[in-house]
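What follows is a set of notes on a single structure, which appears directly below.
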Amino acid sequence: MQKRAEWRAVLPHAIANRLAALALQNIPAATIMKALVADAPPRLRRSFSRRLGYLDGSKEAQSIVRAWLAPGGMLADTPNLGEDERAMLANVAPVMSDETLAAIEHALKEADEPTLAKTTHVARLLRSLAYEPEQFERAVAILIKIALAAKDDDENGAAGIVPSLFYIVLSGTHAPIAMRLKVLEGFLKSDEPELQAVGFKSLDAVLKTDHFSSAHGFEFGARSDLAPGA
């Protein structure tokens, strides 16, 4: 047991995750939600969401996350989430990555430029969601929408993250090169100068052959298959 003031934690994660999964099975969901969400301080809610993020194999964890992501759910309104909810969204995304991407897509489907510009907080999350080949094009499409609206060249912003997905190593995605080149071709053929600029940066990333490094993390819950290789 780890003790910090009135807080307690069970370590290591291999033990803590098993105990957490068992607790979700054995304790009524209403009791858990009241104690750890509805009546809980922000720090405890964030801690609970982080533990959920390691339980992608738990049906009970999936049920909680699904409810949070559903229309009207606590994490559904992506552009207007507070700081705590933003952290919770990033924490629980590994539990249901496709549903998380779908929720972000739904929230931003009709979003105007000002709304997209204030949604840069999901850029790093979208990079993680682009790991799976079937989610790559969808995640990149949202990143581009945010990048064009935010007009931000910061390496950790949407426009800076897109090119990082095109390296041959440390890309953070398992999308095959043919899929990535198809997306890149779309950038370069665009009539929008901003999108062409992203395309040229992505082309430069594709052609890079040495001295690779990454400013981005590769942690995504307990998903051991999310290795940093291309």
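Position 1 is the first residue of the sequence, and the numbers go up from there.
Distance CD1/Ile15 to CG/Leu19: 7.5 Å, rounded to 0.5 Å. Rounding to the nearest 0.5 Å places OG of Ser58 at 7.5 Å from CD1 of Ile64. For the atom pair Ser202 OG and Leu188 CG, the distance stands at 8.0 Å (nearest 0.5 Å). Atom-to-atom distance recorded for Asn91:CG and Asp84:CG is 10.5 Å, nearest 0.5 angstrom. For the atom pair Leu52 CG and Ile32 CD1, the distance stands at 9.0 Å (nearest 0.5 Å). Atom CG of Leu126 sits about 4.5 Å away from atom CG of Leu143, to the nearest 0.5 Å.
In terms of modelled atom types and a separation under 3.5 Å, the side chain of Gln196 and the main chain of Ser190 share a donor-acceptor contact. The closest donor-acceptor contact from the side chain of Thr173 to the backbone of Ala130 lies under 3.5 Å. Side chain of Thr119 to main chain of Thr115: a donor-acceptor pair is present (N/O by atom type, distance under 3.5 Å, no hydrogens or angles). For the pair Arg180 (side chain) and Ala175 (backbone), a donor-acceptor distance under 3.5 Å is present. Between the side chain of Asp39 and the backbone N or O of Ala35, no donor-acceptor pair lies under 3.5 Å. Judged by distance alone, the side chain of Glu60 and the main-chain N or O of Ala29 form no donor-acceptor pair under 3.5 Å. Looking only at distances, a side-chain donor or acceptor of Lys208 sits under 3.5 Å from a matching main-chain atom of Asp210. Judged by distance alone, with hydrogens and angles left aside, the side-chain atoms of Arg45 form no donor-acceptor pair with the main-chain N or O of Leu36 at under 3.5 Å. The closest donor-acceptor contact from the side chain of Lys145 to the backbone of Leu108 lies under 3.5 Å. Not one N or O on the side chain of Ser47 forms a donor-acceptor pair closer than 3.5 Å with the backbone of Leu44.
Taking each heavy atom of Ala150 and Ala117 in turn, the nearest pair found is CA-CB, 4.1 Å. Counting all heavy atoms, side chain and backbone alike, Lys118 lies closest to Arg86 at O-NH2, 4.1 Å. For Val162 against Ile144, the heavy-atom pair with the smallest separation is CG2-CD1, 4.0 Å. Nearest heavy-atom pair, Pro133 versus Pro176, reported as atom, atom and distance to 0.1 Å: CB-CD, 4.1 Å. Of all heavy-atom pairs between Ala107 and Ala76, the closest is CB-O, 3.5 Å. Considering every non-hydrogen atom in both Gly53 and Val95, the closest pair reads CA-CG2, 3.7 Å.
At a threshold of 4.0 Å, the pair Glu105-Arg138 counts as salt-bridged, since one of the basic side-chain nitrogens sits closer than that to a carboxylate oxygen. Salt-bridge annotation for Lys189 and Glu185: present, with a side-chain N of the basic residue lying under 4.0 Å from a carboxylate O of the acidic one.
With no hydrogens or angles considered, no side-chain donor-acceptor pair links Glu132 and Ser97 at under 3.5 Å.
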Residues Arg127, Tyr131; criterion side chain to side chain donor-acceptor pair (under 3.5 Å); working and verdict: CA-CA 7 Å; Arg127 185 178 188 277; Tyr131 174 86; over 6 Å; no

Side chain to side chain contact (heavy atoms under 4.5 Å, CB included) assessment of Val206 paired with Ile168: CA-CA 7 Å; Val206 166; Ile168 60 172; 5.9 Å; no

Pair Phe187-Val140, side chain to side chain contact (heavy atoms under 4.5 Å, CB included): steps then yes or no: CA-CA 11 Å; Phe187 296 163; Val140 170; 3.7 Å; yes

Check against side chain to side chain contact (heavy atoms under 4.5 Å, CB included), Asp98 and Leu129: CA-CA 8 Å; Asp98 192 69; Leu129 294 173; over 6 Å; no

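Applying the salt bridge (Lys or Arg N to Asp or Glu O under 4.0 Å) test to Asp112 and every residue at least two apart in sequence or in another chain returns nothing. Qualifying salt bridge (Lys or Arg N to Asp or Glu O under 4.0 Å) partners for Asp77, counting only residues two or more places apart in sequence or in other chains: none.
The residue from Glu99, Glu85, Met96, Met74 that alone fulfils the side-chain contact (heavy atoms from CB on, under 4.5 Å) condition with Trp68 is Met74.
In the displayed structure, Glu134 atom CD is contacted under 6.0 Å by more than 12 heavy atoms of other residues, nucleotides or ligands.
For the pair Ile142/Leu116, no side-chain contact is recorded, criterion being any heavy-atom separation below 4.5 Å from C-beta on. Residues Ile177 and Phe166 form no side-chain contact, since every pair of their non-hydrogen atoms from C-beta on lies 4.5 Å or further apart.
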